[in-house]
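Position 1 is the first residue of the sequence, and the numbers go up from there.
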Amino acid sequence: MCRPLPGQRAVTGGDTAPGPERATLDKAASENFPVAPFFLPRAWREDLMAVYGFARLVDDIGDGDLAPGGADARILGVSATEAEDRMVLLDAFETDLRRVFDGRPHHPLLRRLQPTVRRRALTPEPFLGLIAANRQDQLVTRYETYDDLLAYCELSANPVGRLVLAVTGTASRERVRLSDAVCTALQIVEHLQDVAEDFGRDRIYLPAEDMKRFHVQEADLAAKTTGASVRALVAYEAQRARDLLNEGAPLVGSVHGRLKLLLAGFVAGGRAAIRAIAAADYDVLPGPPASGRVQLLREVGVTLRGER
């Protein structure tokens, strides 16, 4: 359950939460990988949806997708004027998150998260990492090197995979390492799919050193179609993501039962997205190339068999 990739529809397990959190949880249906599919045990589904609600809301705050002066800001005690500053909202959300571990939080999504935290003995670190990633998005809009981008993914993507392992009681040092590779790969794929959208937000997640290597200028990312240099750059970064997925894929074979199918869906979703990008000849600027259900199912089968 790393950061979402646009495109494929996910199954959420029929969550029926009332109140202000409903709009946030409804977004689970548009994610590119299953958030809490029906075939998982009910307790897992409930806990994964609680984690998803947190992750989705913190991303919405960081991306400025909340209604100005809306219910979320009021619940967090932030005035309409202050709510225009995303850093203020993120600070208020972190303060409320800390109440999950030592008090009673104000936001309904965090109150929903509290039983999960207690039941699964979750620690604050992965949640704080996701908030830190969204703070970084307000301050850092360009990444000089691939290593710089990996450090960002350590905050923005890897914590969610670690939370999935913690919720399902399957975390180990080796599984966390493999999960990190998968989640970082999914984050890179998302960046490739969203080059134009991110550029519209004045963010570029293509490493500057790679842009120079392929003779890509920032102005090239504003074009309606993708030029040859940008395509070559996207192909290069897609191969990096593919390699990371292959590195992390043994995670699937390390578990059993329904969890194995869930994790196979994560890996397969990334592989299918990369294949869709390649099938579009790496022309990502008009919008994210979408993979079909047949391709996704094929990739799930390949992943379950341990093939590449």
Open item on the list: Working note: Glu174 + Arg177, criterion salt bridge (Lys or Arg N to Asp or Glu O under 4.0 Å); need CA distance, chi angles, decisive distance, verdict.
Closed with: CA-CA 5 Å; Glu174 178 62 8; Arg177 184 186 71 80; 2.7 Å; yes
Open item on the list: Taking the basic N atoms (NZ, or NE/NH1/NH2) and the acidic carboxylate oxygens, is any pair closer than 4.0 Å for Asp102 and Arg98?
Closed with: no
Open item on the list: Distance to the ring centre below 6.0 angstrom and angle to the axis at most 45 degrees; does that hold for Arg213 and Tyr236?
Closed with: yes
Open item on the list: For Pro126 versus Pro159, what's the shortest heavy-atom pair and its separation?
Closed with: O-CB, 3.4 Å
TODO: Using atom types as modelled and distance alone, determine if a side-chain donor or acceptor of Thr184 lies under 3.5 Å from a backbone N or O of Asp180.
DONE: yes
TODO: Report yes if the side chains of Pro288 and Asp194 come closer than 4.5 Å at any heavy-atom pair, otherwise no.
DONE: yes
Task: Distance, nearest 0.5 Å, that separates NE2 of His107 from CZ of Arg99 - done: 12.5 Å
Open item on the list: Evaluate Arg203 against Asp63 for salt bridge (Lys or Arg N to Asp or Glu O under 4.0 Å), listing each step before the verdict.
Closed with: CA-CA 11 Å; Arg203 296 176 186 169; Asp63 288 340; 3.0 Å; yes
Task: Co-membership, hydrophobic cluster, residues Leu149 and Leu139, 4.5 Å side-chain - done: yes
Task: Worked verdict on Glu94 versus Arg135 for salt bridge (Lys or Arg N to Asp or Glu O under 4.0 Å) - done: CA-CA 11 Å; Glu94 179 178 330; Arg135 282 203 186 95; 2.5 Å; yes
TODO: Ignoring hydrogens and angles, tell me if any N or O in the side chain of Thr168 forms a donor-acceptor pair with the backbone of Leu165 under 3.5 Å.
DONE: yes
- [ ] Please confirm whether the backbone N or O of Asn134 pairs with a side-chain atom of Gln138, one donor and one acceptor, at under 3.5 Å?
- [x] yes
TODO: Report the C-alpha separation of Leu66 and Arg86 in whole Å, then their side-chain angles, then the decisive distance to 0.1 Å, and conclude whether the side chain to side chain contact (heavy atoms under 4.5 Å, CB included) test is met.
DONE: CA-CA 10 Å; Leu66 297 184; Arg86 298 177 199 176; over 6 Å; no
Task: Side-chain donor-acceptor contact under 3.5 Å, Thr225 with Asp283 - done: no
- [ ] Check whether any side-chain heavy atom of Pro207 lies under 4.5 Å from a side-chain heavy atom of Glu237, and answer yes or no.
- [x] yes
- [ ] Nearest 0.5 Å please: distance from the CG atom of Leu297 over to the CZ atom of Arg293.
- [x] 6.5 Å
Task: Side chains of Gln114 and Arg111, donor plus acceptor under 3.5 Å - done: no
- [ ] Side-chain contact test, heavy atoms from C-beta onward, threshold under 4.5 Å: evaluate it for Leu263 versus Thr303 and give yes or no.
- [x] no
Open item on the list: Would you say that Asp148 contacts Arg142 through its side chain, given a criterion of any heavy-atom pair below 4.5 Å between the two side chains?
Closed with: no
Open item on the list: Hydrophobic clusters here meaning ILVMFWY residues chained together by side-chain heavy-atom distances under 4.5 Å, can you tell me if Leu155 and Leu130 are in one?
Closed with: no
Task: Donor-acceptor contact below 3.5 Å, side chain Arg112 vs main chain Asp47 - done: no
- [ ] Without swapping roles, check the side chain of Asp96 against the backbone of His106 for a donor-acceptor pair under 3.5 Å.
- [x] yes
- [ ] Output the distance between atom CG (Asp198) and atom CD (Gln193), rounded to the nearest 0.5 Å.
- [x] 11.0 Å
Open item on the list: Counting C-beta onward and ignoring hydrogens, is there a side-chain heavy-atom pair between Ser179 and Val164 closer than 4.5 Å?
Closed with: no
TODO: Take Met211 and Leu221 through the test side chain to side chain contact (heavy atoms under 4.5 Å, CB included) and record every step on the way to the result.
DONE: CA-CA 11 Å; Met211 291 176 65; Leu221 305 182; 4.2 Å; yes
- [ ] To the nearest 0.5 Å, tell me how far Thr141 OG1 sits from Phe199 CZ.
- [x] 10.5 Å
Open item on the list: Could you check whether any side-chain heavy atom of His191 comes within less than 4.5 Å of a side-chain heavy atom of Val195, counting everything from C-beta outward?
Closed with: no
TODO: For residues Ala241 and Ile188, report the shortest heavy-atom separation together with the two atoms involved.
DONE: CB-CG2, 4.0 Å
Open item on the list: To check you understand the geometry: which heavy-atom pair defines the closest contact between Ala272 and Ser291, and what is its length?
Closed with: O-CB, 3.4 Å
Task: side chain to side chain contact (heavy atoms under 4.5 Å, CB included) between Glu144 and Lys212, worked out - done: CA-CA 10 Å; Glu144 181 62 31; Lys212 294 174 185 175; 3.7 Å; yes
Open item on the list: For Leu40, is there any backbone N or O sitting under 3.5 Å from a side-chain donor or acceptor partner on Arg258?
Closed with: no
Open item on the list: Apply salt bridge (Lys or Arg N to Asp or Glu O under 4.0 Å) to residues Arg162 and Glu125 and explain how you reach the verdict.
Closed with: CA-CA 10 Å; Arg162 296 182 183 195; Glu125 284 71 23; over 6 Å; no
Task: Thr226 backbone acceptor or donor facing Arg231 side chain under 3.5 Å - done: yes
Task: Spatial distance of atom CG (Leu251) from atom CG (Leu245) [nearest 0.5 Å] - done: 11.5 Å
Open item on the list: I need the minimum non-hydrogen distance between Tyr146 and Leu244, along with the two atoms involved.
Closed with: OH-CD1, 3.5 Å
TODO: Report yes if some heavy atom in the side chain of Phe127 is under 4.5 Å from a heavy atom in the side chain of Leu163; otherwise report no.
DONE: yes
Open item on the list: Could you tell me if Arg45 sits above the aromatic ring of Phe38, with its cationic atom closer than 6.0 Å to the ring centre and no more than 45 degrees from the axis?
Closed with: no
Open item on the list: Using a 3.5 Å distance criterion without hydrogens, assess whether the side chain of Asp220 forms a donor-acceptor pair with backbone atoms of Gln217.
Closed with: yes
Task: Residues Thr81 and Ser79: side-chain donor-acceptor under 3.5 angstrom - done: no
TODO: Apply side chain to side chain contact (heavy atoms under 4.5 Å, CB included) to the pair Tyr282 and Val230, showing each step before the final yes or no.
DONE: CA-CA 8 Å; Tyr282 304 99; Val230 176; over 6 Å; no
- [ ] Indicate whether any N or O donor in one side chain lies under 3.5 Å from an N or O acceptor in the other, for Tyr152 and Asp147.
- [x] no
Open item on the list: Just so I know, are the side chains of Leu206 and Asp210 near enough to count as touching, which here means a heavy-atom distance under 4.5 Å?
Closed with: no
Open item on the list: Tell me whether the rings of Phe54 and Phe93 are parallel (<30°), tilted (30 to 60°) or perpendicular (>60°).
Closed with: parallel
Open item on the list: According to a hydrophobic-cluster definition based on side-chain heavy atoms being under 4.5 Å apart (Ile, Leu, Val, Met, Phe, Trp, Tyr only), do Val302 and Val267 belong together?
Closed with: no
Task: For Val189 against Gly270, the heavy-atom pair lying closest together - done: CG2-O, 4.4 Å
Open item on the list: Side chains of Gln187 and Ser156 only: does a donor on one sit below 3.5 Å from an acceptor on the other?
Closed with: yes
Task: Separation between OG1 of Thr95 and CG of Leu90, rounded to the nearest 0.5 Å - done: 11.0 Å
Open item on the list: In this structure, would Leu128 and Val167 fall into the same cluster of hydrophobic residues linked by side-chain contacts under 4.5 Å?
Closed with: yes
TODO: Kindly give the heavy-atom pair with the smallest separation between Ala264 and Leu304, and that separation in Å.
DONE: CB-CD2, 3.6 Å
